[in-house]
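The structure that follows is given in the form of structure tokens.
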Amino acid sequence: AHFLEHYEILVFSLFIAQSTFLCLLGGALGMLIGWSTQGGIARTIEFMFPGYTIKPETFAMAATLAFSRAMASFTSTE
């Protein structure tokens, strides 16, 4: 029985690590794609949205949201 308790903790820890990693990876990939495509998008839509750009504050907010989602993914009761 003692071994099973440690096994459950290990499985739960791996689940937490995996969900956190996937959320952060998805957030980082989204930010990378957004940053790399903003120049082309800005040129395409400049007549409708002059001055379109993704500011560093936007990236900070995206990183915060990705981290928050990662933390919420394992605190959910569903």
Side-chain angles (χ1 to χ4, degrees):
H2 187 65
F3 172 75
L4 290 177
E5 291 174 10
H6 289 292
Y7 182 74
E8 288 175 1
I9 292 171
L10 176 63
V11 170
F12 182 72
S13 298
L14 289 173
F15 175 73
I16 298 294
Q18 180 185 12
S19 65
T20 302
F21 174 75
L22 290 174
C23 286
L24 294 177
L25 179 64
L29 287 174
M31 290 171 54
L32 179 65
I33 291 169
W35 176 76
S36 65
T37 60
Q38 74 172 340
I41 292 173
R43 285 188 296 276
T44 303
I45 63 171
E46 66 185 348
F47 67 95
M48 291 176 14
F49 302 102
Y52 170 83
T53 185
I54 299 176
K55 298 178 182 177
E57 296 86 15
T58 308
F59 283 110
M61 182 177 62
T64 302
L65 288 173
F67 181 76
S68 298
R69 181 60 191 129
M71 295 299 105
S73 68
F74 63 86
T75 60
S76 176
T77 58
E78 294 183 64

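The basis for the numbers below is simple: all heavy atoms, side chains too, and nothing from hydrogens, waters or symmetry mates.
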Legend entry - Value rounded to 0.5 Å, distance of CD1 in Ile33 from CE in Met31: 12.0 Å
Inset, instruction - Could you list the residues that satisfy side-chain contact (heavy atoms from CB on, under 4.5 Å) with Thr44, not counting sequence neighbours? - result: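 For Thr44, no residue satisfies side-chain contact (heavy atoms from CB on, under 4.5 Å) once neighbours in sequence are set aside.
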Inset, instruction - Taking atom CZ of Phe67 as the centre, report whether more than 12 heavy atoms of other residues, nucleotides or ligands fall under 6.0 Å from it. - result: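 Open: at most 12 neighbouring heavy atoms sit under 6.0 Å from CZ of Phe67.
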Legend entry - Qualifying residue for side chain to side chain contact (heavy atoms under 4.5 Å, CB included) with Phe12, from Ile9, Leu14, Ile16: Ile16
Inset, instruction - Give the other cluster members for Leu25, using side-chain heavy-atom distances under 4.5 Å between Ile, Leu, Val, Met, Phe, Trp and Tyr residues; answer none if it is isolated. - result: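 Answer for Leu25: Phe21, Leu22, Leu29.
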Legend entry - Co-membership, hydrophobic cluster, residues Leu32 and Met61, 4.5 Å side-chain: no
Legend entry - CZ on Phe15 to OG1 on Thr20, rounded to 0.5 Å: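 These two atoms lie 9.0 Å from each other.
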Inset, instruction - Identify, with sequence neighbours excluded, every residue that meets side-chain contact (heavy atoms from CB on, under 4.5 Å) alongside Thr58. - result: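 Scan of Thr58 (side-chain contact (heavy atoms from CB on, under 4.5 Å), adjacent residues dropped) gives Ile54, Lys55.
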